[in-house]
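What follows is a set of notes on a single structure, which appears directly below.
Chain A is the first sequence line, chain B the second, and so forth, proteins listed ahead of strands; every chain is numbered from 1. What you see is a predicted model; the values in this text were computed from it and never measured. Any value given below was found using the heavy atoms of this structure, including those in side chains, with hydrogens, waters and symmetry copies removed.
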Amino acid sequence: MRRPLQLRSDAPLTPGGYMSLVASGMGIAALLALAILGLNLATGARFASLLTNLGLWLIIAVGFQVFVGSTGTISFGHPAFVALGAYTGGILTLPPAMQRIALPDLPGWLAGLDPGLWPATIAGGAVAALLALLIGPIVMRLTGIAAGIMTFGLLVIVNEMIRAATPLTRGNATFYGVPRLAGLTEVLVVVVLVVGIALAYKFSRWGLRARSVAQDPVAAEMSGISVVTSRLWAFVLSAFICGIGGALMGFFLTAFSAQSFYVGMVLPMMIMVLLGGMNSVAGALTGAVLLTFWEYVMRLIETGGMGISLPPGLSQLTLGAGLIAILFFRPSGLWGSREFFIAPVGQTRKGDNP
Amino acid sequence: MNLLQLGVDGLATGSVYMMLALGISLVFSVMRLVNFAYGMIIVWFGFMLHVLWGTGLPYWLCVLGALAGTVLLSIVLARAIFMPFVGAPPATLLLASFGVAIVLQSVAVVLFGEPARPVQTPQILLTSIDTGWFRISVLQLLSLALGLTMLVGLEFLIGRTRIGMEIRATAESPEVARLMAVRSDRVLTFVFALSGLIAGLVALVWFAQSGSVTARGDLAPTLKAFVAVVIGGLGTIRGAVLGGLVLGFLETAMSGLLVGALSGFQQTFVFALVILILLLRPEGLLGKATGGMR
Amino acid sequence: MLELDRVSTGYGRVRALDTVSLTLGAGHTLAVLGPNGAGKSTLLKLVAGLQAPWSGTLKLDGSADLSPLDVTARVHRGIVLCPEGRRIFTTLSVEENLCIGGTALLARPGGAQRMREGLERAYSLFPILAERRHGPGSALSGGQQQMLAIARALMAEPRLLLLDEPSLGLSPVMADEVYATLAALKAEGMTLIVVEEAAGRPLGLADTAMILRNGRTVWRGAAAAARDPDLLQRAYLGDHAA
Ligand SMILES: Nc1ncnc2c1ncn2[C@@H]1O[C@H](COP(=O)(O)OP(=O)(O)OP(=O)(O)O)[C@@H](O)[C@H]1O
Ligand SMILES: [Mg+2]
């Protein structure tokens, strides 16, 4: 009980094992995606928006997990990356007529680009990754408390910047008019890709390095691994995935504001990753599914949709209490550091920390 | 703006931030917890004062009642939630306190709703005195007096009393203190009570300034406290004092300097400075990883 | 006074002590010897209550079962551990260190009075501490810190004093001085368990000795009998002796 949030590095695998691992992880993500699609068909698309929302959270949770799982450091700053993705995607794809109304002061070189869904999504991820690359060398020096506080600072700064950059973001006002470029299918395709990227990173040389740094920075440093660099790549990749999730979220919501990606977003992200197990991509997926479902039920209850009506604020209460309970009773989450992959017996778990 | 005025305003604001930082730092020193729920304890003082005022009691009684309530809240949180986590890594503790903050906030939302509630303040606090060289409000005087009293009181309590000695021993090494039969649960409870009292006193000044409280108003005080302790160094009185004052002067200076388009970037500049300090001194200006709260 | 019957314990899944038994009469001194990682510190932690047994029983004074008592309760029963590496409070003054050591007294009748007497006794036992009483603990030399650590443990008026490597890192002269103090305590009738890696000094002090290796008792007997260098070498290196 109450063991530290410790990291276990899974066995370094043979190249064949590595490929089969990533492929089978993606396969299972694809099964999950198909199940969601099937559910959508079976219910006559009545829950399409809930399910798309779930898909978006799957992406964001996996992105967040890439950082938390490989560095053992918590971050309060990741909603900032989601925000950057959403705004970047939105600015790039706003139809020209809408741009003139919503963003009259948009710099000329940004106006009327309209690159389409995928380039705009990648751009959202890239902008987020760029920010991570710029500030990472500083933030990645810190661990534990200092890192927690600094990433919180990052969130505040980015939020303030977004609010202040009115010509680009409409400041405090809602950013609206984004075309609905992404729906359930697009989101689920990205989920599968992102799971593949996360697993490929986790078991790659860089991922193993980051995790060995998390386990024992001194020993890692002595064996020639740069602590800051190895954590930096986890940070950048994680920001990229979250940025992509943000861009898609923007394309799905079509209207959002700076407040949508602020402190309120930290809690669900944190719970998804911790509930499933912060060392596991599978855990992030599980956590996102459970939490999205739970929030849906709670919202139904709060709006009186289930015959009983409870005051608003209650769903947040369950989340806060849930976070405390997870930390206390199961700090390693449901999955621990396990992944759901199929690998030949004996090929996992042999050898040990690099 | 004249420099003297800036000095007075900076000192008064710094005094408030120092108190905020002290409350966080004290708890950190004995159990390595950076309490994210601290801002919510302050918010709850506001609500308690609001409710008590509604009963028609005299102001000073309301304040006493709310202070007692805040101390009690802090103790209950400590014993019910934080103390069972003793020994967990700091990151787990930080996250748990984040959860506590969320719980406290949602209870406030359930009970009081989202809109702001008025917090009564006697008119006298809001009057201001013009000395000819600078202006100072009674509230600022109160902040300075509170800050100074708290500092002297804490120095005495931590440095000269039996419980202070036990706090320092626990801060340096909880296991050895336990080996010497120091009742760490009592020490922790006492420290949380103290931190709650400090939170209440800061809250008094905080809400006198704003005049109202909202359930989501915890972010500002929590942020100020975090930034102050990061600047000065966590877990020591000196660090909290220095960090609070630096932050206070910085903000005052910036609100004078950052005008027009730049005025929206105040937090950004503050955090840029924090990043700079952390780069040069990862433990804060006066920080040391462990040590006994002095 | 103290009786351990086939006690095992460990950390996580690692077994650090394997069915260790011992009996220690009041006023006697036991030396526990063994190489690094033998489980010596673990044995003391077990007696002090920092480490819970996996199996086996610990008894105090013939009948009282120790297992349900936590560290603090054991200090109140007179079991005090002077931990490995001294662990004095460097941010507290010398006198404050002693006062923390005497915390257990405050719960008893006449606590404040006994605390004063304890301080006086500590200062007469170690005059150097009286000189430095208001200085910080960090300003003491290694030997002085060890004396402070012992004096601090004595403040709780122990009946059974557990010492974990009291001569670790000390010069031979200093180590002799520490052992002279321990001999004086023994002469007063205090029961001691002394853990050391090097055999010489503790065997001069102790009545009985036991040698641990890899968590097992490899030899147990009279201290005098353990002074055979051959036996020690075999016990430490593992060419069976038991
Ligand atoms: N806190 C701990 N966590 C995990 N394993 C531990 C811990 N403390 C000790 N051990 C293990 O238990 C075994 C016994 O340790 P112990 O400290 O009792 O040995 P020792 O005889 O005191 O050694 P030394 O002479 O180095 O002090 C060792 O294998 C050690 O690695
Ligand atoms: Mg030892």
Side-chain angles (χ1 to χ4, degrees), chain A residues 1-6 68 72-74 76 135 137-139 141-150 152-161 163-166 171-172 262-264 266-267 270-271 274 278 310-328 331, chain B residues 28 32-34 36-37 81 84-114 215-216 218-219 222-223 226-227 229-230 234 261-272 274-276 278-279 282-284 287:
Chain A
M1 266 234 321
R2 261 176 288 139
R3 273 182 308 126
L5 296 171
Q6 69 169 351
V68 177
T73 309
I74 52 168
F76 292 94
I135 55 158
I138 297 169
V139 181
R141 273 167 218 281
L142 309 168
T143 50
I145 300 285
I149 295 180
M150 273 325 299
F152 193 60
L154 168 71
L155 180 62
V156 173
I157 292 180
V158 170
N159 187 266
E160 200 169 63
M161 297 261 194
R163 287 174 201 272
T166 312
N172 282 319
Y262 204 31
V263 184
V266 178
L267 182 66
M270 211 67 100
I271 293 187
L274 287 174
M278 66 180 234
L310 292 168
L314 222 67
S315 88
Q316 205 197 352
L317 181 71
T318 61
L319 294 191
L323 177 60
I324 299 170
I326 296 166
L327 289 169
F328 190 80
Chain B
F28 179 81
R32 299 285 170 270
L33 159 68
V34 179
F36 224 110
I81 299 172
F85 274 102
V86 164
T92 308
L93 285 166
L94 179 68
L95 278 177
S97 73
F98 184 65
V100 172
I102 299 289
V103 168
L104 287 178
Q105 182 170 69
S106 38
V107 173
V109 170
V110 168
L111 292 181
F112 302 101
E114 300 274 0
R216 302 196 190 271
D218 65 314
L219 196 57
T222 302
L223 262 181
F226 277 15
V227 171
V229 292
V230 169
L234 259 170
L262 285 178
S263 63
F265 289 103
Q266 190 167 330
Q267 302 279 8
T268 306
F269 278 97
V270 169
F271 270 105
V274 172
I275 290 173
L276 196 70
L278 281 181
L279 261 185
E283 301 280 346

Does any backbone or side-chain atom of Ile157(A) lie under 4.5 Å from a heavy atom of chain B? Answer side chain, backbone, both or neither.
both

Please classify the contact between Arg141(A) and chain B as side chain, backbone, both or neither, with a heavy-atom cut-off of under 4.5 Å.
side chain

Pairing residues for Phe226(B) by the ring pair (Phe, Tyr, Trp, His ring centres under 6.0 Å) criterion, not counting sequence neighbours:
Phe36(B)

Ile324(A) versus Val103(B), closest heavy-atom pair with distance:
CD1-CG2, 4.3 Å

Show the nearest heavy-atom pair for residues Ser106(B) and Leu317(A), with the distance to one decimal.
OG-CA, 3.1 Å

Do you know which of Leu267(A), Val156(A), Asn159(A) has the most heavy-atom pairs with chain B at a distance under 4.5 angstrom?
Leu267(A)

What residue in Gly153(A), Gly171(A), Gly322(A) has the most heavy-atom pairs under 4.5 Å with chain B?
Gly153(A)

Looking at [options], which makes the most heavy-atom pairs under 4.5 Å with chain A?
{"options": "Val109(B), Ile81(B), Leu93(B), Val110(B)", "answer": "Val110(B)"}
{"options": "Val227(B), Val229(B), Leu219(B)", "answer": "Leu219(B)"}
{"options": "Val270(B), Thr268(B), Leu111(B), Val107(B)", "answer": "Thr268(B)"}

Sequence neighbours left out, what passes side chain to side chain donor-acceptor pair (under 3.5 Å) with Thr318(A)? Give chain and number order.
Trp294(A)

Stepwise side chain to side chain contact (heavy atoms under 4.5 Å, CB included) check, Leu323(A) with Ile102(B)
CA-CA 9 Å; Leu323(A) 177 60; Ile102(B) 299 289; 5.8 Å; no

Does any non-hydrogen side-chain atom of Ile74(A) lie less than 4.5 Å from one of Leu94(B)?
yes

Hey, what do you get for CZ (Phe76(A)) to CG (Leu95(B)), rounding to the nearest 0.5 Å?
5.0 Å

